[in-house]
Amino acid sequence: MHKLGRGSRDKVQQFMAITGASEKVALQALKASDWHLEGSFDYFYSQPQISVTNSRHLEDLYSRYKERDADMIMVEGTSQLCNDLLVDPQDVVMLVISWHMKAATMCEFTRQEFIDGLQSIGVDSIEKLREKLPSLRAEIKDDNKFREIYNFAFAWAREKVILESKLFVPIFSIVIVFIGTSVFQPVLSMKLSYNIPLILQGQKSLPLETAIGMWRLLFAERHWPLIDHWCQFLQVRHNKAISRDTWSQLLEFVKTIDPQLSNYDEEGAWPYLIDEFVEYLTENGCVQRNK
């Protein structure tokens, strides 16, 4: 790299710092994009993972973290995974990893999710995954990937609902067709009762505190200036669960409306909650809008 000019060396260093890639990969991406830094990121993130993984190593890795009495990685195994990776469980990189694994539930991984996810990342050991953490974390900075991760996070963070339902099966119900007498009423009222656990995929909305936590996690890397105001507004004015529509529309608001709201159209088709947020910002002097 010593043969490169100062400007090119700076771009290589910036590329490596943001993506976590090696100098060789940085040079390849920058050359492919004619030394345009933004273009080099597009090139880098568009390349498929070409690392070859060892299926036996992946199975061993899964066995290390799965429950003893269940074929699933649960909270305890996920916590141990974080410890081995030397990351906080609340680090956004764990969300990115879960996205690669297409995990259905927070802090849980099926065998297929875990193994397929590591294969898509291109690693088969904790050491290799740890080396990938900088580039995985940097995926939040890519607009297209951020949108996918953001949309994934809503379903991923929903609470799993476990209900215990009783299924009642009437006994001798057919008898009443032939014998219409109250003599058999006590018999007809007898029922077999079964306790059946119903495990639903998740609630249709996110609890407010969960949604706020996810927004702070996601936008910590994107630096949306209004994130604190948004969270305060929800706690003061809304105080309800967050629907998927609100979750999706907020991202559109963040991407299209500048922090001073200069291009906000009051006649636009924004959800009522977003309109209320704009009023809240104006009323509290958080922004100065030019009308």
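- Nearest heavy-atom pair, A29 versus F15, reported as atom, atom and distance to 0.1 Å: CB-CZ, 3.6 Å.
- Residues I242 and L234 have side chains in contact (heavy-atom distance under 4.5 Å, counting atoms from C-beta outward).
- Atoms CD and CG, from E76 and L81 in turn, are 13.0 Å apart once rounded to the nearest 0.5 Å.
- Closest of all the heavy-atom pairs between L208 and N239 is CD2-CA, 3.5 Å.
- Summarising the geometry, atom CG belonging to L206 is positioned 11.0 Å from atom CD1 belonging to I212; distances are rounded to the nearest 0.5 Å.
- Side chain of S8 to main chain of L4: no donor-acceptor pair is present (N/O by atom type, distance under 3.5 Å, no hydrogens or angles).
- Ion pair R56/D124 not flagged as a salt bridge, since none of the NZ, NE, NH1 or NH2 atoms sits closer than 4.0 Å to an Asp/Glu carboxylate oxygen.
- With hydrogens and angles disregarded, a donor-acceptor distance shorter than 3.5 Å links the side chain of K11 to the backbone of W35.
- For the pair F114/L61, a side-chain contact is recorded, criterion being any heavy-atom separation below 4.5 Å from C-beta on.
- Without hydrogens or angle criteria, S248 side chain to D245 main chain gives no donor-acceptor distance under 3.5 Å.
- No donor-acceptor pair closer than 3.5 Å links the side chain of R237 to the backbone N or O of E276.
- Contact annotation: the side chain of M101 approaches that of L118 to within less than 4.5 Å [non-hydrogen atoms, C-beta and beyond].
- More than 12 heavy atoms of other residues, nucleotides or ligands sit less than 6.0 Å from atom CD of Q232.
- Hydrophobic clustering keeps Y62 apart from V75 (ILVMFWY residues linked when any side-chain heavy atoms are closer than 4.5 Å, directly or through intermediates).
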(message) Run K145 and W99 through side-chain contact (heavy atoms from CB on, under 4.5 Å) and show every step you take.
(response) CA-CA 10 Å; K145 290 193 176 184; W99 170 65; 4.2 Å; yes

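- Here K255 pairs with nothing under the salt bridge (Lys or Arg N to Asp or Glu O under 4.0 Å) rule; sequence neighbours left out.
- One distance of note links CD of E221 with CD of E139; it measures 12.5 Å at 0.5 Å rounding.
- Side-chain atoms of Q235 and E209, non-hydrogen and from C-beta on, do get closer than 4.5 Å to each other.
- Shown here for A26 and M16, the closest heavy-atom pair between the two residues is CB-CG, 3.8 Å.
- The ring of Y65 has its center no closer than 6.0 angstrom to the ring center of F109.
- Salt bridge annotation for E59-R111: present, with a cationic side-chain nitrogen under 4.0 angstrom from a carboxylate oxygen.
- Annotation: side chain of V123 is not in contact with side chain of Q119 (no heavy-atom distance under 4.5 Å).
- Side-chain polar atoms of W230 and Y280 form no donor-acceptor pair below 3.5 angstrom.
- For the ring pair (Phe, Tyr, Trp, His ring centres under 6.0 Å) with W247, the lone residue among F253, W215, F152 that qualifies is W215.
- Between the OG atom in S135 and the CD1 atom in I18 there is a gap of 13.0 Å [rounded to 0.5 Å].
- Using a 4.5 Å heavy-atom threshold, the side chains of P89 and M94 count as separate.
- The existence of a salt bridge linking D142 and R147 is excluded, since no basic side-chain nitrogen approaches an acidic carboxylate oxygen closer than 4.0 Å.
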(request) Evaluate the side-chain contact (heavy atoms from CB on, under 4.5 Å) criterion for residues T246 and I274: first the C-alpha distance (whole Å), next the side-chain angles of each, then the deciding distance (0.1 Å), finally the verdict. (result) CA-CA 8 Å; T246 298; I274 298 272; 5.9 Å; no

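- Remark: S243 OG to Q249 CD distance equals 9.5 Å, nearest 0.5 Å.
- Taken to the nearest 0.5 Å, the NE2 atom of H229 stands 4.0 Å off from the SG atom of C286.
- Under a 3.5 Å cut-off, the side chain of T78 and the backbone N or O of M74 do form a donor-acceptor pair.
- Remark: D84 does not engage R130 in a salt bridge, criterion side-chain N to carboxylate O under 4.0 Å.
- Taking the six-membered ring for Trp and thresholds of 30 and 60 degrees, F277 and F233 have ring planes inclined between 30 and 60 degrees apart.
- The pair K132-E127 fails the salt-bridge criterion, with no side-chain N (NZ, NE, NH1 or NH2) lying under 4.0 Å from an Asp/Glu carboxylate O.
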(request) Take I73 and E108, measure what side-chain contact (heavy atoms from CB on, under 4.5 Å) needs, and give me the verdict at the end. (result) CA-CA 5 Å; I73 296 175; E108 294 182 7; over 6 Å; no

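- The shortest distance between side-chain heavy atoms of V254 and R222 does not fall below 4.5 Å.
- Side chain of S40 to backbone of L37: a donor-acceptor contact under 3.5 angstrom is found.
- For the residue pair L95 and A153, the shortest heavy atom distance occurs at CD1-CB, 4.2 Å.
- Under the 4.0 Å criterion applied to side-chain N and carboxylate O atoms, K102 and E113 are not assigned as salt-bridge partners.
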(message) Would T105 and R158 count as a side-chain contact (heavy atoms from CB on, under 4.5 Å) here? Give the steps.
(response) CA-CA 7 Å; T105 306; R158 286 182 301 177; over 6 Å; no

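- Between D91 and R137, some side-chain heavy-atom pair lies under the 4.5 Å cut-off.
- Residues passing the salt bridge (Lys or Arg N to Asp or Glu O under 4.0 Å) test with R68, sequence neighbours excluded: none.
- Judged purely by atom type and a 3.5 angstrom limit, N263 uses its side chain to pair as donor or acceptor with the backbone of D258.
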